[in-house]
S.K.: 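A single structure is presented below for examination.
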Amino acid sequence: MNSQTRRTATVAGELLGKHLVRVRRGRRQVGRIVEVEAYLGAHDRAAHSARGRTARNEVMFGPPGHAYVYFIYGMYYCLNVVTERAGRPAAVLLRALEPVENLSGKTSGPGLLCRALKIDTRRNGYDLVRDDFFIAEPPSREDIALVKRPQVVVEYAGWWARRHLRFYIANNAYISRK
DNA sequence: TGCACGATGAAC
DNA sequence: TTCATCGTGCAC
């Protein structure tokens, strides 16, 4: 792993415990990020960017801190945070949230958390510092026990999928699967 | 223009 | 293990 890919894995770990905030029609929804997965870039065969730049993955090639939202399996959306400088298409998939404020319905799993927050491709490319959709530091920063596991359901990616790039908060009740 | 498939989730 | 469901990407 070079320094760039290490950066994305580091960012993935740092996202754990942070709050994802969404404001819709004056109502604030907040979820604590408890599970993520890192996709390291064009050389990562498990990443959408592995087969080059397309209309769908365009945002991954842009500047960091933006939302990459894609539609999958005909019914779910997934939310990623783009990492690394423009031209290096890496991102961190948000896999599960622990409800903090105004979150009803399941938030364990990338598709379900987007459903709970009403996130779809209209949010694709959003800069995550905007006042209606952003990532914030939690009020109190507690110590977090980190667990690293292989990515989920990307076996076709060969050995890439066996690297430990899925991170979650130990013993958290909202992890999407074991 | 057609078609196989997927960074999912739920049921069986 | 199977299936729902459809946009995307690439083959033709």
Side-chain angles (χ1 to χ4, degrees), chain A residues 1 4-16 18 20 22 31-62 64-84 88-99 103-126 128 133 135 146-169 172-178:
Chain A
M1 255 192 233
Q4 289 290 335
T5 60
R6 198 156 47 234
R7 180 173 305 169
T8 286
T10 300
V11 168
E14 289 171 349
L15 282 170
L16 290 178
K18 295 203 186 217
L20 179 64
R22 177 115 161 84
R32 180 174 179 243
I33 299 169
V34 297
E35 180 183 348
V36 298
E37 201 159 80
Y39 290 88
L40 305 185
H43 58 291
D44 180 349
R45 289 175 50 216
H48 285 171
S49 52
R51 285 170 293 284
R53 192 170 186 149
T54 66
R56 179 179 66 158
N57 66 24
E58 176 72 24
V59 174
M60 283 187 81
F61 289 79
H66 289 240
Y68 166 45
V69 182
Y70 64 89
F71 185 60
I72 192 70
Y73 295 116
M75 60 188 94
Y76 296 109
Y77 295 95
C78 291
L79 169 65
N80 296 253
V81 178
V82 175
T83 61
E84 304 188 21
R88 285 188 173 269
V92 175
L93 172 69
L94 302 191
R95 292 194 54 89
L97 299 178
E98 175 184 330
L103 268 184
S104 56
K106 297 180 180 174
T107 52
S108 300
L112 293 179
L113 78 85
C114 281
R115 175 181 293 174
L117 291 171
K118 293 279 194 296
I119 291 167
D120 57 32
T121 48
R122 286 175 294 186
R123 304 296 153 239
N124 191 35
Y126 250 51
L128 290 170
F133 188 28
I135 290 172
L146 195 74
V147 178
K148 302 181 180 185
R149 287 288 182 269
Q151 287 168 315
V152 176
V153 195
V154 280
E155 290 304 319
Y156 65 83
W159 73 269
W160 281 105
R162 292 192 282 278
R163 295 164 307 156
H164 286 197
L165 293 173
R166 176 177 170 234
F167 307 136
Y168 57 84
I169 294 177
N172 188 276
Y174 293 89
I175 300 310
S176 65
R177 52 175 108 176
K178 294 300 173 190

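Worth knowing before you read on, the calculation uses all heavy atoms, side chains too, and leaves out hydrogens, waters and symmetry mates. To find a chain, count down the sequence lines: A is the first, B the second, and so on, and within it residues start at 1.
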S.K.: Whom does B:dT1 pair with, Watson-Crick or G-U wobble, provided both distances fall under 3.5 Å?
M.R.: C:dA11
S.K.: Take the protein atom CZ of A:Phe167 and the nucleotide atom C1' of B:dA7, then report the distance between them rounded to whole Å.
M.R.: 15 Å
S.K.: Identify which nucleotide among C:dG7, C:dG9, B:dT8 has an atom closest to any side-chain atom of A:Arg56, counting heavy atoms from C-beta outward.
M.R.: C:dG9
S.K.: Roughly, in whole Å, what's the span from OH in A:Tyr70 to P in B:dC5?
M.R.: 18 Å
S.K.: Nearest to the side chain of A:Leu112 - C:dC6, B:dG9, C:dG9?
M.R.: B:dG9
S.K.: Under 4.0 Å, counting only non-hydrogen atoms across every strand here, what does A:Gly111 touch: a base, just sugar-phosphate, or nothing?
M.R.: sugar-phosphate
S.K.: Is the backbone of A:Thr54 close enough, under 3.5 Å, to the side chain of A:Asn57 for a donor and an acceptor to pair up by distance?
M.R.: yes
S.K.: Partner of B:dA7 by Watson-Crick or G-U wobble geometry, both contacts under 3.5 Å, or none?
M.R.: none
S.K.: Salt bridge check: are A:Glu84 and A:Arg7 linked by an N-O gap of less than 4.0 Å?
M.R.: no
S.K.: C:dC10 P sits how many Å from A:Arg53 CZ, rounded?
M.R.: 15 Å
S.K.: Let's test your reading of the model: under 3.5 Å, does the base of C:dA4 pair with the side chain of A:Tyr73 as donor and acceptor?
M.R.: no
S.K.: Just checking A:Tyr76: base, sugar-phosphate only, or nothing, at a heavy-atom cut-off of under 4.0 Å?
M.R.: base
S.K.: Quick one: A:Arg45 CZ to B:dG6 P, roughly how many Å, whole number?
M.R.: 13 Å
S.K.: Looking at A:Thr121, A:Leu79, A:Asn80, A:Val59, which hits side chain to side chain contact (heavy atoms under 4.5 Å, CB included) with A:Tyr70?
M.R.: A:Asn80
S.K.: Looking at A:Arg166, does any N or O in its side chain come under 4.0 Å of the phosphate oxygens OP1/OP2 on B:dA7?
M.R.: no
S.K.: Measure from OH on A:Tyr68 to C1' on C:dT8 and round the result to the nearest Å.
M.R.: 10 Å
S.K.: How far does the C1' atom of C:dT2 sit from the matching atom of B:dC5, given to the nearest Å?
M.R.: 16 Å
S.K.: Using whole Å, what does the distance between atom P of nucleotide C:dT2 and atom CE of A:Met75 come to?
M.R.: 17 Å
S.K.: After noting the C-alpha distance and the side-chain angles of A:Arg123 and A:Arg22, does the key distance pass the side-chain contact (heavy atoms from CB on, under 4.5 Å) rule?
M.R.: CA-CA 11 Å; A:Arg123 304 296 153 239; A:Arg22 177 115 161 84; 3.5 Å; yes
S.K.: Taking NE2 from A:His48 and P from B:dC5, how many angstroms apart are they, rounded to a whole number?
M.R.: 16 Å
S.K.: By nearest heavy atom, map A:Ala55 and A:Ile72 onto DNA chain C; which one lands nearer the 5' end?
M.R.: A:Ile72
S.K.: Roughly, in whole Å, what's the span from CG in A:Leu113 to P in B:dA7?
M.R.: 16 Å
S.K.: Just checking A:His48 against A:Tyr39, ring centres under 6.0 Å apart?
M.R.: no
